[in-house]
Number of protein chains: 2
Amino acid sequence: MTGKAFSSVWLREPRKATSPGRSREEIVRAALELLNEEGLDGLSMRKLGARLQSGATSLYWYVANKDELLELAYDEVWSDMVVPDPGRVSWRHSASALAHSMRQAILRRPWAGNLIGRMPALGPNALRVADQMRRMFKVAGFAGLEIDYAGSTLTAYVFGMTIPEVAWNAATADHSYDADEMRASVAKAAAQFPDMLERIDMTSYDDPQAMREMAFDFGLASVLDGLERRLVT
Amino acid sequence: MTGKAFSSVWLREPRKATSPGRSREEIVRAALELLNEEGLDGLSMRKLGARLQSGATSLYWYVANKDELLELAYDEVWSDMVVPDPGRVSWRHSASALAHSMRQAILRRPWAGNLIGRMPALGPNALRVADQMRRMFKVAGFAGLEIDYAGSTLTAYVFGMTIPEVAWNAATADHSYDADEMRASVAKAAAQFPDMLERIDMTSYDDPQAMREMAFDFGLASVLDGLERRLVT
DNA sequence: ACCTGAACACCGTTCAAGT
DNA sequence: ACCTGAACACCGTTCAAGT
């Protein structure tokens, strides 16, 4: 019972473009526009069809279903992640730059927050990043499976830190943000936890942006220190 | 313009239960059943209404909308995360046990993978865990904002590692899993990346479960080492 | 106070029919 | 080979009307 294995759009050939305004590429471009303008909920096959001056169902000639379309669009997120050459700079510098560029890539495309880690990342951009990261950790001194473990650790940290950040931005984007009100709300919820209340009095809510950057750098330094330690022993 | 701030179900009083089979509690219980049986997509207001022998729209008396219902159900995930008392065991042991229980809590409820980090976690269970974790990092020796940074780092790592794990399980659950086929698929996608191909030849695909546990422990040790290092300097 | 059903404004996807 | 529209089987939510 071999059953058909795990499938991904990237494993199949696209239908070739013939008419000018109608191709997989064209569709993905329009989907990205919609995603960037209106977010994940703003993308529907019907709206996408309208934008391309076609029936919604015409798209199914080029793309098997909406999930595949998302998988195609998703690869774009990886396009501006960078891994500075670990031959020229220290691997720590390279890893740190990668982590920051990953975070920014997601913050710039909030819709990606709901896809990341949930969707296979087998597009060309994702593979490039994975390949460069592997090489980086090899230069650093990791070997065998530990090359992959180190990669997983770094990306898990960055994604785990950034996904909530995106969600938070989305949740507070509508209402004009009021630090005092926020403080009061959370204080109410955390009323029976004296330890939590203590935290609420801190500056945390006044400049959430700066706070998050500090938290990110603190955690990143920890992760990199931890990885470094794995190398020396 | 203060605008209404960030809102969460947990900040409002529930409507009190009157009839026996109809209350916010009852509804959340039924929603959890549906989630555990059919996953996130299996939960619709209509199906939930049917299960409770009521019109779908009757639920709106007890719950403002589906998102709030999810927020309510979501707190359940935190219920079996444990933080061993850091007064009796080392903080490292405590943190490690917490991390493992977090991972298991999510693996046991795959639907949570799509909610985690995306939804405010202000329910009683989530607050208990947050409070205990805070105390743990305080006992460890962190102070001020670093208590929170340490907490964010640990949970970001665990969530970032576990969310893809859940997604992977879901993607491979349908098809009977075939290691060779999988290897071939990924090899095809990664064809131009010699470094990636090297990885594919490893044992990675034969026992993914064991592999993931090793990866998790490797990363966890790194994160804890990194946090420890923050304490001594 | 609580519950109902009809209705609104959407979805993704299939498929026979057209050119 | 490509595109269309109608149709199917769903959604979440509102709201006037019932008891």
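In the text below, chain A, chain B and the rest are named by the order of the sequence lines, each starting its count at 1. What you see is a predicted model; the values in this text were computed from it and never measured. Atoms considered below: every heavy atom in the structure, side chains included; atoms not considered: hydrogens, waters and symmetry mates.
- Using a 4.0 Å cut-off between charged side-chain N and carboxylate O, B:R29 and B:E25 make no salt bridge.
- Taken from CG in B:L34 to CG in B:L40, the straight-line distance is 10.5 Å, to the nearest 0.5 Å.
- Between A:S54 and D:dC3 there is no side-chain N or O to OP1 or OP2 distance below 4.0 Å.
- D:dA9 sits 23 Å from C:dA9 when the P atoms are compared, rounded to a whole Å.
- When rounded to the nearest whole Å, the span between CG of A:L59 and C1' of D:dT4 equals 12 Å.
- Listed pair B:W61 / C:dC2 meets the phosphate criterion, a side-chain N or O lying under 4.0 Å from OP1 or OP2.
- In this structure, B:R51 pairs ionically with B:E37, as a charged nitrogen and a carboxylate oxygen lie closer than 4.0 Å.
- A:I116 CD1 to A:R109 CZ: the interatomic distance, rounded to the nearest 0.5 Å, is 10.0 Å.
- By the 30° and 60° cut-offs, the orientation of the rings of A:F218 relative to B:Y149 is tilted.
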Could you write out each protein N or O paired with an N or O of nucleotides 11-15 of chain D at a distance under 3.5 Å?
| residue | atom | partner | partner atom | Å |
| --- | --- | --- | --- | --- |
| D:dC11 | OP1 | B:S44 | OG | 3.3 |
| D:dC11 | N4 | B:R46 | NH2 | 3.3 |
| D:dG12 | OP1 | B:K66 | NZ | 2.8 |
| D:dG12 | OP2 | B:M45 | N | 3.0 |
| D:dG12 | N7 | B:R46 | NH1 | 2.4 |
| D:dG12 | O6 | B:R46 | NH2 | 3.0 |
| D:dT13 | OP2 | B:Y60 | OH | 2.8 |
| D:dT13 | OP2 | B:K66 | N | 2.8 |
| D:dT13 | O5' | B:Y60 | OH | 3.4 |

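- Across all strands shown, D:dC2 forms a Watson-Crick or G-U wobble pair, both distances under 3.5 Å, with C:dG18.
- Across all strands shown, D:dT13 forms a Watson-Crick or G-U wobble pair, both distances under 3.5 Å, with C:dA7.
- In the set D:dT4, C:dC2, D:dC2, the nucleotide with an atom closest to the side chain of B:Y62 is C:dC2.
- Here A:R108 does not pair with A:E76 in a salt bridge; the nearest charged N to carboxylate O distance is not below 4.0 Å.
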